[in-house]
Amino acid sequence: MIIVSICDLRYLCLSLFKIVGPDSTIAELTDFICAAQMAKASDALMGELEEKPKQFFNDYPNHKKRRMLDYGKKQRFEKKLLNGDDEQIRLPIPMIGYGVPTEPGCITHRTLPEAAIGPPYFYYENVALTPKGVWDTISRFLYDVEPEFVDSKYFCAAARKRGYVHNLPIENRYPLLPLPPHNINEALPLTKKWWPSWDPRTKLNCLQTCVASAKLTERIRKALEDYDGTPPLSVQKYVLEECRKWNLVWVGRNKLAPLEPDEVEMLLGFPRNHTRGGGISRTDRYKSLGNSFQVDTVAYHLSVLKEMFPGGINVLSLFSGIGGAEVALHRLGVPLKNVVSVEISEVNRNIVRSWWEQTNQKGRLIDLADVQQLDADRVEHMFNSFGGFDLVIGGSPCNNLAGSNRHSRDGLEGKHSSLFYDFFRILNMVKDLTTRH
DNA sequence: GAAAGGATGATCGATCAT
DNA sequence: ATGATCGATCATCCTTTC
């Protein structure tokens with residue numbers, strides 16, 4: 001039974017911004033929404049309590065204050081309230097979304113919810129493997145569009161499991177050419193010579209923000225060189241574990257190494273030296289790259305824009321990072337008229353700016369620092385001076401969702417990941433402005 | 001100071017064993 | 001069916017080294 005519709009939720013959200021103003025925190029916002037849902041749903045809950053009271057109390061302990069860390073229970077709660085008829089969002093096997101160029105089984109038709117249909121087009125990205133219920137919430141806010149889960153291992157030699165919520169057409173997509181190498185030994189041909197037969201990997205795992213230290217690879221080398229030829233199974237197991245955990249590749253006899261920043265750029269579909277701005281350390285390059293789009297994957301989804309906008313597009317790019325969206329559109333040959341790029345990191349803004357200059361862009365790049373400072377007035381002003389935005393694109397922070405985070409995997413309400421609600425807020429403003437014109 | 005190294009589990013699903 | 005096991009994962013904080 002659907003108790004609170006997505007429209008109600010959006011109106012609640014928007015009215016809260018009007019009531020308490022843009023300075024209110026996300027925690028206040030979500031508390032408000034939860035309280036409103038509670039009130040609206042109380043009648044139906046009484047019915048449900050009669051049916052299976054025990055399960056209810058197991059699932060939803062009786063506390064007034066919402067705690068950050070019990071997102072799982074809260075999300076189940078919300079799901080039951082809002083989406084009781086639907087199954088929880090599941091990841092597809094294989095993880096190819098509506099289809100990828102290299103695999104059979106392409107879906108060419110879907111029906112979008114009425115409220116989701118553009119203009120503007122929007123494209124939202126985040127990690128696929130989140131705590132439970134996160135994608136249900138994201139999908140509900142983004143007009144009930146079902147996420148498209150795609151693993152970039154179908155586009156390049158490294159895995160990258162991501163969910164994409166967008167309202168783009170899915171017919172007649174095409175990949176960037178030339179197709180990038182799909183296996184490790186094609187992408188990194190020099191490793192082939194040293195690759196032992198007992199290492200069965202053909203794809204790398206997800207490229208992350210940290211890489212293994214030289215000390216670690218030295219320890220592995222020492223462990224291997226005790227044996228002439230094939231090491232015993234126990235050593236093989238240890239080495240392969242470290243290889244998979246740290247994405248190590250073979251660069252010499254018994255010698256493993258982490259990927260170079262150049263190689264990560266190539267695997268992610270960026271031009272060589274894309275992140276080699278002035279004064280950026282190796283560590284910072286890995287960090288910026290690890291937080292980025294896989295360009296070929298995103299470009300495949302965006303390729304439908306090429307025919308629709310032969311004269312170019314205006315883009316609002318939120319959480320731009322090192323400009324994965326901009327690079328993807330450029331490589332597709334979609335002219336960039338006006339690009340508003342919002343990115344908190346100055347280093348990343350410099351990277352995008354110098355890419356913009358190096359590629360001789362004819363359009364205009366406006367870079368801003370903070371999505372939270374992007375209020376209705378500024379959006380409306382830019383909207384009017386450009387004649388609207390054709391695409392709102394971005395991937396909001398994943399650090400409170402990602403599995404690698406031991407310290408603060410707090411879910412969508414976490415300090416950084418809650419900026420998702422700013423993506424929704426800004427997209428919704430653009431949507432309103434577009435329909436008004 | 002800046003860069004690199006090292007220690008730090010948990011979640012969730014898929015697969016396997018019972 | 002049900003529980004055990006396995007494997008992947010856009011990270012953060014503090015210490016050490018340069």
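Below, read A as the first sequence line, B as the second, and so on, with proteins coming before strands; counting in each chain starts at 1.
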Mapping A:T130 and A:V211 to their closest nucleotides on DNA chain B, which lands nearer the 5' end?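 The residue mapped nearer the 5' terminus is A:V211.
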
Of A:R282 and A:A402, whose closest DNA chain B nucleotide lies nearer the 5' terminus?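 Closer to the 5' end of DNA chain B: A:R282.
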
Checking all strands, does [X] fall into the base, sugar-phosphate, or nothing category for heavy-atom contacts under 4.0 angstrom?
X      : result
A:E125 : base
A:C206 : sugar-phosphate
A:L401 : nothing
A:R285 : nothing
A:S396 : base
A:K161 : sugar-phosphate
A:R244 : sugar-phosphate

Taking atom types as they are modelled, is there a donor-acceptor pair under 3.5 Å from the base of C:dC10 to the side chain of A:Q294?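 Counting by modelled atom types and ignoring angles, no donor-acceptor contact under 3.5 Å is found here.
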
Spacing of [X] atom [atom1] relative to [N] atom [atom2], expressed in whole Å:
X      : N      : atom1 : atom2 : value
A:K245 : B:dG6  : NZ    : P     : 12 Å
A:E242 : B:dA7  : CD    : C1'   : 13 Å
A:D151 : C:dG7  : CG    : P     : 18 Å
A:E241 : C:dT9  : CD    : C1'   : 15 Å
A:K132 : B:dG13 : NZ    : C1'   : 9 Å
A:D284 : B:dG1  : CG    : C1'   : 14 Å
A:M95  : B:dC12 : CE    : P     : 15 Å
A:L412 : B:dT11 : CG    : P     : 17 Å

Could you let me know what B:dG9 is paired to, Watson-Crick or G-U wobble, both distances under 3.5 Å, or none if it's on its own?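 B:dG9 is unpaired by these criteria.
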
Is C:dC10 paired to anything, Watson-Crick or G-U wobble with both distances less than 3.5 Å, and if yes, which nucleotide?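 None - no nucleotide pairs with C:dC10, as no candidate has both distances under 3.5 Å.
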
Heavy-atom side-chain proximity of A:E146 to A:I89 below 4.5 angstrom: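 Side chain of A:E146 against side chain of A:I89, heavy atoms only: no contact under 4.5 Å found.
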
Flag the pair [X] and [Y] as a salt bridge only when some basic side-chain nitrogen lies within less than 4.0 angstrom of an acidic carboxylate oxygen.
X      : Y      : answer
A:R285 : A:D262 : yes
A:E186 : A:K203 : no
A:E218 : A:K255 : yes

It should be established whether [X] places a side-chain nitrogen or oxygen under 4.0 Å from OP1 or OP2 of nucleotide [N].
X      : N      : value
A:N205 : C:dT9  : yes
A:Q208 : C:dC10 : no
A:R409 : B:dC12 : no

Produce the list of close N/O pairs, under 3.5 Å, pairing protein atoms with atoms of nucleotides 12-18 of chain C; give distances to one decimal.
unit_1, atom_1, unit_2, atom_2, d
C:dT12, OP1, A:N399, ND2, 2.9

Pair [X], [Y]: side-chain N/O donor-acceptor within cut-off below 3.5 Å:
X      : Y      : result
A:E148 : A:H166 : yes
A:N291 : A:S288 : no
A:R282 : A:Y286 : yes
A:N348 : A:E343 : yes

Expressed in whole Å, how much space separates the C1' atoms belonging to B:dG9 and C:dA8?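 One C1' to the other, the span is 14 Å.
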
What integer number of Å spans the C1' atoms of B:dT8 and C:dT9?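 One C1' to the other, the span is 15 Å.
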
A:Y164 and ring pair (Phe, Tyr, Trp, His ring centres under 6.0 Å): which single residue from A:Y98, A:F122, A:Y300, A:Y123 fits?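 Single pass found, and it is A:Y123.
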
With respect to the side chain of A:S404, which nucleotide from C:dC10, C:dA11, B:dG13 is positioned closest?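 Closest of the options to the side chain of A:S404: C:dA11.
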
In terms of side-chain heavy atoms of A:S281, which of B:dC12, B:dA14, B:dA3 is nearest?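 Of the candidates, B:dA3 comes closest.
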
